[in-house]
There are 4 protein chains.
Amino acid sequence: MSAATAPGVPKRGRPRDERARTAILSAAASLLADRGYERVTVEGIAAVAGVGKQTIYRWWPSKAAVIGEAILEDFVVVPDLLLPRTLDVWDDLETWLRRGEDGFRGYSGDVIRVSAAVSSEDASMLARMTAKFAEPTRALLLARLREAVDAGQINDTIKLDTIVTLLQAVVSYASLSRANDNVVTDALTVIRSAAENHLRAG
Amino acid sequence: MSAATAPGVPKRGRPRDERARTAILSAAASLLADRGYERVTVEGIAAVAGVGKQTIYRWWPSKAAVIGEAILEDFVVVPDLLLPRTLDVWDDLETWLRRGEDGFRGYSGDVIRVSAAVSSEDASMLARMTAKFAEPTRALLLARLREAVDAGQINDTIKLDTIVTLLQAVVSYASLSRANDNVVTDALTVIRSAAENHLRAG
Amino acid sequence: MSAATAPGVPKRGRPRDERARTAILSAAASLLADRGYERVTVEGIAAVAGVGKQTIYRWWPSKAAVIGEAILEDFVVVPDLLLPRTLDVWDDLETWLRRGEDGFRGYSGDVIRVSAAVSSEDASMLARMTAKFAEPTRALLLARLREAVDAGQINDTIKLDTIVTLLQAVVSYASLSRANDNVVTDALTVIRSAAENHLRAG
Amino acid sequence: MSAATAPGVPKRGRPRDERARTAILSAAASLLADRGYERVTVEGIAAVAGVGKQTIYRWWPSKAAVIGEAILEDFVVVPDLLLPRTLDVWDDLETWLRRGEDGFRGYSGDVIRVSAAVSSEDASMLARMTAKFAEPTRALLLARLREAVDAGQINDTIKLDTIVTLLQAVVSYASLSRANDNVVTDALTVIRSAAENHLRAG
DNA sequence: CTTTAAGCGAGACGGTACGTCACGTCTTTGC
DNA sequence: GCAAAGACGTGACGTACCGTCTCGCTTAAAG
């Protein structure tokens, strides 16, 4: 009743059980991997986590939110899309694109669907998903491209941001459309051509 | 669907009521437009169509299948992505990309989600969706680009297929990511640069 | 039903809502009275009771079981077959038989159909129905007959059980067959004759 | 096409197919025996009979009517309740009662339920059922009792009709209630006592 | 050391929609 | 013009999850 001594909130009552929270997110992640988003049920998560259903709804407003958080907090294993660093930046990008295409095709259809489902109920989730996945990747690619500019492999007048966007568009489209395999190579040809055109033209 | 009526088979019994089929697909389409995929209900479709629920389940195995067919058979109004034809092919493409970005953002999130939902139950549906939407668009773009090549605006050594793929990737990505508005313009800059590089280089 | 709450068992989870149970059985009883067994619907019971359908299926395996329980737990108003007590036991019995004939014709066709329906799925229900309806009535009749024996109106060598059985057979048959009205009177004549024969013969 | 030559009704069109009618009633009877009334379906009857469902509904108004007719027309095998004829009428009656009790218990629960179900939709059916089953039996019993009167075994002042009614009541009640086995014997004792009372008293 | 305030597992609750079954009707082609 | 075939509108069935609401039980801070 009296003012809290702690700087933040007084915090009476039993504190949140961190083990329950972890168990819920793990269960959500593993069910997502096993069954796909639509077939995951809150009751299933509760059962696997050994938790009451209310403990889920106490902390998350909906199924989408739980699964979204499981993804955001790395309970879902996301293949690391590390960018190789050889001498040839175009080889590196092709390797990265191919890995991404496969990775997204396998598990990340679900991740993408989840972020769609989640975002339709909770606008902030899309931002968090973007911050988690898209932005680090952008930074990674941007750094590699900048090196290539420094090394004189790419003309410095081209907007690197734009190239990064195109690369992300390609990997996303290749995963979704399951089109024939040369999407990646072909796209890279165009991008490279543009980048070197500037180079030569400059 | 569309079981071919082999001329040899006598076909006994009451024939399928084409009015019911049409009413169902119309209802599905209109509910999809009104409420979005998740909120469409088979019972709702039946009620709007003035049809028994069983009549739906007699012909389609699931909600996804009905809605998928409604889309494939043009009951869902899809904004026509006509390609303008001015003198400048790059202007034309930018116009097309911007329209597509808006159009897909508006209604086609649903169409994409439907094809995802449907495809997870019925592998052939994805192919049909692709055949219906992606391929005609490809043909359209290809034709326009070919004209531009003939007009000497694009180098004839570049693979036009590749450019078309990139354009489709860009419009899809722009819709999904809701990124800032210059994605389209920037991407087009890169593509154009590549196309004209070949021109100049050749 | 009526799972005895063993004192040792902790009882976890939300307890069964007695108001829901009561509402369901009341609704079942009132619908049975209004519409007859065949026309009662589980969905109707749920709606009238203001209850989810699953709450019914959680506790009873079938429509027959719910309605059976409603009857057994006195939610269905059963006309009291009180036995009048005048000086003349035969007058009393005739009154009782006539009332029973009418009463059973009115509501108890349903009760009998329910017990048939229920018994074909749940053997114990028939026994419970019998215990509830037939046995108290037997006791009532037996007591009255015993008094008549004490009063010297019936020979004490006759088996009163047998007479009671015959009376029940007559009332059941009269209700079911809807035969002409003197069944009851005629039957009573025979029974009386037997009872007094013993009297006189003894 | 041309006018009928027969003296009765002209009868245009294809005449009713007697084989179909027979097949339907046989199928109904056999399904009734196999599955019990509730579990017989019109579609099942049609399938077993090799007949269109409409052919059933053309000639009968409901499931109950078809099955009722199957019973009435002896497609359902009803064990013959022949009355034995020894010197002792009471022995004969006891034998008859016991057979009836068993027979009704075995298959005739269904027949009784059918007649109830049928009668609730089609009042005339009850009369026909009665005419088919109850009346011949009445006649049979009556004849046997009359002989006993003639032979001086039963007093001629008792109303034989009444005794027959009682016997039928007993057999019906014994089958329905599945009571202990001496119902029949006990009841017979009373009836006999009454019959001989008259005899002696007279 | 007692009270008070949550959090917890369990599980019943009112709902919504599902996909199935059977009813009795309607509409074809074939005999 | 009846028969077989089989699609139709209707409506109840029993199941699966949703998100909410108690229970009795911890657990810890406040008094």
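So you know, we letter chains A, B, ... as the sequences are listed, proteins then strands, and number each from 1.
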| query | Nearest-Å distance, CD (B:Glu18) to C1' (F:dC8)? | reply | 14 Å

| What does A:Trp59 touch in the nucleic acid at a heavy-atom separation under 4.0 angstrom: a base, only the sugar-phosphate, or nothing? | sugar-phosphate

| request: For the helix from E:dC1-F:dG31 to E:dC31-F:dG1, figure out the bend between the end axes, five pairs an end, and round to 10 degrees. | output: 10°

| note | Taken in chain and number order and not counting sequence neighbours, the residues that satisfy side chain to side chain contact (heavy atoms under 4.5 Å, CB included) with A:Arg16 are A:Arg21, A:Trp59, A:Trp60

| Given that C:Arg58 and A:Asp17 both sit by DNA chain E, which one's nearest nucleotide is further toward the 5' end? | A:Asp17

| query | For A:Asp34, what residues pass the salt bridge (charged side-chain N to carboxylate O under 4.0 Å, His left out) criterion, not counting sequence neighbours? | reply | none

| task | Hey, which sits more toward the 5' end of DNA chain E by its nearest nucleotide, B:Gly13 or C:Gly13? | result | C:Gly13

| said: With a cut-off of less than 4.0 Å, is there a side-chain N or O of D:Thr55 near OP1 or OP2 of F:dA4? | reply: yes

| CG of C:Leu32 to CD of C:Glu38: how many Å apart, nearest 0.5 Å? | 10.5 Å

| query | How long is the line joining CD1 of C:Ile56 and P of E:dA12, in whole Å? | reply | 16 Å

Do any side-chain atoms of residues 51-58 of chain A form donor-acceptor pairs under 3.5 angstrom with protein atoms, and if so which ones, sequence neighbours left out?
residue	atom	partner	partner atom	Å
A:Lys53	NZ	A:Glu43	OE2	3.0

| remark: Going 5' to 3' through nucleotides 18-23 of chain E and flagging B where a protein heavy-atom sits under 4.0 Å of the base, S where only the sugar-phosphate is that close, and - otherwise, we get BBBBSS

| message | Nearest whole Å is fine: how far is E:dA10 C1' from C:Arg12 CZ? | response | 6 Å

| For A:Arg128, which residues count as a salt bridge (charged side-chain N to carboxylate O under 4.0 Å, His left out) partner, sequence neighbours excluded? | none

| side chain to side chain contact (heavy atoms under 4.5 Å, CB included) between B:Tyr37 and B:Lys63, worked out | CA-CA 9 Å; B:Tyr37 181 69; B:Lys63 180 175 94 170; 4.0 Å; yes

| query | Could one point to a donor on the side chain of A:Arg14 or the base of E:dC8 with an acceptor on the other under 3.5 Å away? | reply | no

| task | Kindly write out the residues that satisfy side chain to side chain contact (heavy atoms under 4.5 Å, CB included) with C:Ala28, not counting sequence neighbours, or none if the list is empty. | result | C:Ile45, C:Val66, C:Ile67, C:Ala70

